Amino acid sequence: MSSTDTPQHMPTALIVGASRGLGHAMAAEFLGRGWNVIGTVRDASARTLLHDLADRAEGRVTVEYLDINEPDHLAPLRARLADRRLDLLFVNAGTTNNEETPIGEVAVDDFVEVMITNALSPMRVIEALEDLVSPTGLIGAMSSGQGSITNNTTAGREVYRGSKAALNMFMRSFAVRQAATQRGFALLAPGWVRTALGGPGAPYTVEESAPLLVDVLLSQLGTPGLAYLNRSGQTVPW
């Protein structure tokens, strides 16, 4: 599905975590390709880049409020979106702790925060909203190349790596439970991007990354099963 779709159905993407960074840039990219966009923000009282995008979008961008770490927010969001059909549900979420702390020295609170934000909460969102997605639609989440066990040859960022590996495993289990459907499932490894999480030293900009990531997601529409892919659409080893 793309901007060439018939006027009878303009596809709709829900981007969870679209207030800034890659989430916002991907929302803008989908909008530019002829999609309707629903984007979520965590702070209901704050003005964000997504609000600015909505102001320019002539009704094609809807801003919703969701803190993914608050399970009680999911049912109200599901109710507000009950009459919307989604062609794509993509969860963009991520946090980290002190990257140099070995796993045996990580504080329990830090461990729990990273694991809930990066692994449990995205799956809660997907489980809560998946029935809004078209039977031939796509469900995805932002993973990381650092979630690859095979490719871990440098260590470091151990809690972050573990949380993304956990997300990959949970998503794989979810896809197996949906094996009888025609839906596609995607885990994206965007590379090291210059975001609030990635930091100013990252080699890739948000502006150059968003179109590539949207290309990868669109390539998976209509392709059943789960793929773990990098920014170029290449398979990342588990």
Side-chain angles (χ1 to χ4, degrees), residues 1-95 117 121-122 124-126 128-134 137-142 186 188 190 193-198 204-218 220-221:
M1 272 171 264
S2 70
S3 58
T4 60
D5 273 18
T6 62
Q8 287 76 18
H9 174 58
M10 183 179 289
T12 298
L14 170 56
I15 310 293
V16 175
S19 62
R20 63 179 183 173
L22 273 177
H24 165 260
M26 291 172 69
E29 184 69 20
F30 273 109
L31 180 69
R33 298 192 191 201
W35 285 57
N36 291 320
V37 175
I38 306 166
T40 72
V41 300
R42 186 171 59 181
D43 186 346
S45 63
R47 179 83 184 181
T48 72
L49 293 173
L50 185 64
H51 292 88
D52 296 339
L53 183 66
D55 286 348
R56 302 190 300 269
E58 300 180 344
R60 290 177 46 220
V61 173
T62 303
V63 180
E64 290 285 354
Y65 166 58
L66 175 68
D67 184 334
I68 65 168
N69 288 343
E70 296 291 341
D72 290 347
H73 291 182
L74 289 170
L77 176 63
R78 170 66 181 76
R80 293 195 300 273
L81 299 179
D83 62 347
R84 304 291 296 267
R85 190 192 104 170
L86 306 178
D87 298 277
L88 169 72
L89 165 60
F90 186 77
V91 183
N92 173 52
T95 191
T117 302
S121 291
R124 280 176 167 163
V125 172
I126 288 170
L129 303 180
E130 62 91 9
D131 65 319
L132 299 176
V133 180
S134 163
L138 180 69
I139 297 174
M142 191 70 82
L188 291 189
V193 183
R194 218 170 296 154
T195 63
L197 183 65
Y204 301 129
T205 68
V206 168
E207 292 75 19
E208 69 182 321
S209 300
L212 298 177
L213 297 174
V214 170
D215 283 343
V216 174
L217 289 176
L218 293 178
Q220 296 305 299
L221 275 170

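Quantities reported herein were computed from a predicted structural model and do not represent experimental measurements. For reference, positions follow the sequence shown, starting with 1.
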Any side-chain heavy-atom pair of Trp35 and Val61 under 4.5 Å: no
Rounded distance (nearest 0.5 Å) linking atom CG of Leu217 with atom CD1 of Ile139: 12.5 Å
Side-chain heavy-atom pair Leu129, Leu77 within 4.5 angstrom cut-off: yes
Side-chain heavy-atom pair Val91, Met142 within 4.5 angstrom cut-off: no
Ser19 side, atom OG; Tyr65 side, atom OH - distance, nearest 0.5 Å: 12.0 Å
Any side-chain donor near an acceptor of the partner, Asp87 and Ser134, under 3.5 Å: no
Donor-acceptor under 3.5 Å (His24 side chain, Gly21 main chain): no
Expected output: side-chain Thr40 to main-chain Gly17 donor-acceptor under 3.5 Å: yes
Which atom of Ile68 lies closest to which atom of Thr117, heavy atoms considered: CD1-O, 3.8 Å
Exercise: identify the closest heavy-atom pair between Asn69 and Ser121: OD1-OG, 2.5 Å
Which atom of Gly39 lies closest to which atom of Ala18, heavy atoms considered: CA-CB, 4.0 Å
Residue pair Ala27 / Leu50: nearest heavy atoms and the distance that separates them: CB-CD1, 4.3 Å
More than 12 heavy atoms from other groups under 6.0 Å of CZ on Arg60: yes
From CZ (Phe90) to CE (Met26), nearest 0.5 Å: 4.5 Å
Nearest-0.5 Å distance that lies between atom CG in Leu86 and atom CD1 in Ile15: 10.0 Å
Arg56 vs Leu31 side-chain heavy atoms within contact, under 4.5 Å: no
Test applied, salt bridge (Lys or Arg N to Asp or Glu O under 4.0 Å); reference residue, Asp131; option that passes from Arg84, Arg78, Arg85: Arg78
Result of checking Leu212, Leu213, Val216 against Pro190 for side-chain contact (heavy atoms from CB on, under 4.5 Å): Leu213
Euclidean distance, Arg124 CZ relative to His73 NE2, rounded to 0.5 Å: 12.5 Å
Arg33 (side chain) donor-acceptor with Pro211 (main chain) under 3.5 angstrom: yes
Residue pair Pro76 / Asp72: nearest heavy atoms and the distance that separates them: CD-O, 3.1 Å
Minimal non-hydrogen separation, Leu22 against Ser209, with atom names: CD2-CB, 3.9 Å
Atom pair CG/CD of Leu89 and Glu130 - distance to nearest 0.5 Å: 9.0 Å
Beyond-backbone contact of Leu81 with Leu14, side-chain heavy atoms, under 4.5 angstrom: yes
side-chain contact (heavy atoms from CB on, under 4.5 Å) evaluation trace for Val63 with Val41: CA-CA 7 Å; Val63 180; Val41 300; 4.1 Å; yes
